[in-house]
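One structure is given here, and the rest of the page talks about it.
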Amino acid sequence: MAHNTQAIITNGLWQNNQALVALLGLCPLLAVSNTVINSLGLGIATTLTLILSNGLVSSLRAYILPEIRLPLFVLMIAGIVTSIELLMNAWFYELYKTLGIFIPLIVTNCAIIGRAEVFASKNRIMPSLLDGLAMGLGFSFALLSLGAIREVVGAGTLFSQADLLFGEAAKNWQINVLDDYSGTLLALLPPGAFITLGLLIAAKNVFAIKE
């Protein structure tokens with residue numbers, strides 16, 4: 001199946017954004033997006049999972065029987081997520097503790113098995129890797145947008161606790177966007193996440209109508 005490179009990238013980043021259009025993977029999206037750093041950590045883990053699972057499924061598609069493809073896809077994705085979880089445990093332990101259960105729950109993200117089934121199982125490895133990258137970056141874009149808005153409105157800062165991801169050198173990276181700001185608790189709580197995501201989806205739809 002032939003695919004245009006630009007079409008794959010545009011589809012993943014914007015037209016079929018897995019969070020803002022397909023509305024997939026909303027549980028971790030809403031749960032951990034209270035800061036930019038948490039959002040970036042989960043975005044990187046999800047993007048790596050999408051790239052590796054798409055690549056693995058595409059490279060083995062000729063040997064997978066159609067009757068057992070979905071259990072095998074889940075098994076592959078679980079193996080990849082477990083590897084990423086162990087790497088985060090070893091190298092980013094504090095961030096690993098902060099993200100908690102939402103790292104292993106990447107296995108249940110419908111966007112990942114959806115791309116394996118819809119795209120990677122029907123295409124060659126390079127377009128599949130590109131599709132995983134584009135879909136992962138699109139999901140990360142939604143996560144970062146949500147995290148930035150919630151952190152600014154909720155705490156008046158950006159990049160707080162950047163050292164969790166970038167090490168000791170990033171301890172002074174925090175930006176105080178609003179001086180003498182006491183914060184808005186609603187933005188940091190789940191209802192604030194729902195409201196902010198709704199506004200992002202509305203803004204995306206407005207741009208889409210104008211195109």
Please answer whether the main-chain N or O of [Y] pairs with a side-chain N or O of [X] as donor and acceptor at a distance below 3.5 Å.
X: N16; Y: G12; result: no
X: S58; Y: I125; result: yes
X: N54; Y: S128; result: yes
X: K122; Y: R61; result: no
X: Y96; Y: L86; result: no

Item to check | Qualifying residues under salt bridge (Lys or Arg N to Asp or Glu O under 4.0 Å), relative to E67, sequence neighbours excluded | outcome: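 By the salt bridge (Lys or Arg N to Asp or Glu O under 4.0 Å) rule, E67 matches no residue at all.
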Checklist entry - By salt bridge (Lys or Arg N to Asp or Glu O under 4.0 Å), which residues pair with R115, not counting sequence neighbours? => result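 Per chain and number, R115 pairs via salt bridge (Lys or Arg N to Asp or Glu O under 4.0 Å) with D131.
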Tell me, please, which residues at least two apart from [X] pass side chain to side chain donor-acceptor pair (under 3.5 Å).
X: S33; result: R150
X: T47; result: S140
X: N11; result: none
X: Q18; result: none

Item to check | V74 and I77: CA distance, side-chain angles, deciding distance, side-chain contact (heavy atoms from CB on, under 4.5 Å) verdict | outcome: CA-CA 5 Å; V74 172; I77 294 167; 5.7 Å; no
In terms of hydrophobic clusters joined by side-chain contacts under 4.5 Å, are [X] and [Y] together?
X: L50; Y: L56; value: yes
X: I64; Y: L129; value: no
X: L178; Y: L188; value: no

Do [X] and [Y] touch side chain to side chain, with heavy atoms closer than 4.5 Å?
X: L164; Y: F92; answer: no
X: L158; Y: T35; answer: no
X: E117; Y: L70; answer: yes
X: L200; Y: I149; answer: yes
X: V153; Y: Y181; answer: yes
X: L72; Y: R69; answer: no
X: P127; Y: I8; answer: yes
X: L144; Y: L40; answer: yes

Next on the checklist: F73 vs V57, test: side-chain contact (heavy atoms from CB on, under 4.5 Å). Steps then yes/no.
Outcome noted: CA-CA 7 Å; F73 293 168; V57 168; 3.5 Å; yes
Checklist entry - How far apart are the C-alpha atoms of I80 and V107, what are their side-chain angles, what is the distance that settles it, and do they pass the side-chain contact (heavy atoms from CB on, under 4.5 Å) test? => result CA-CA 9 Å; I80 291 167; V107 176; over 6 Å; no
Next on the checklist: Go through it in stages, so that I can follow the logic: the residues are L42 and I106, the test is side-chain contact (heavy atoms from CB on, under 4.5 Å), and I'd like the CA-CA distance, side-chain angles, deciding distance and then a yes or no.
Outcome noted: CA-CA 9 Å; L42 186 67; I106 291 174; 4.1 Å; yes
Checklist entry - W14 vs F207 aromatic rings, parallel, tilted or perpendicular, using cut-offs 30° and 60°? => result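 Correct class here is perpendicular.
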Item to check | Pairwise distance CD1(I84) to OG1(T49) - rounded to 0.5 angstrom | outcome: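 So the CD1 of I84 and the OG1 of T49 are separated by 3.5 Å.
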Next on the checklist: Is it the case that the side chains of T157 and E151 hold a donor-acceptor pair, with the cut-off being a distance below 3.5 Å and no angle test?
Outcome noted: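 Their side chains do contain a donor-acceptor pair, which is all the 3.5 Å distance test asks for.
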Next on the checklist: Is it the case that over 12 heavy atoms from other parts of the model lie below 6.0 angstrom from the CZ atom of F194?
Outcome noted: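 12 or below, so no.
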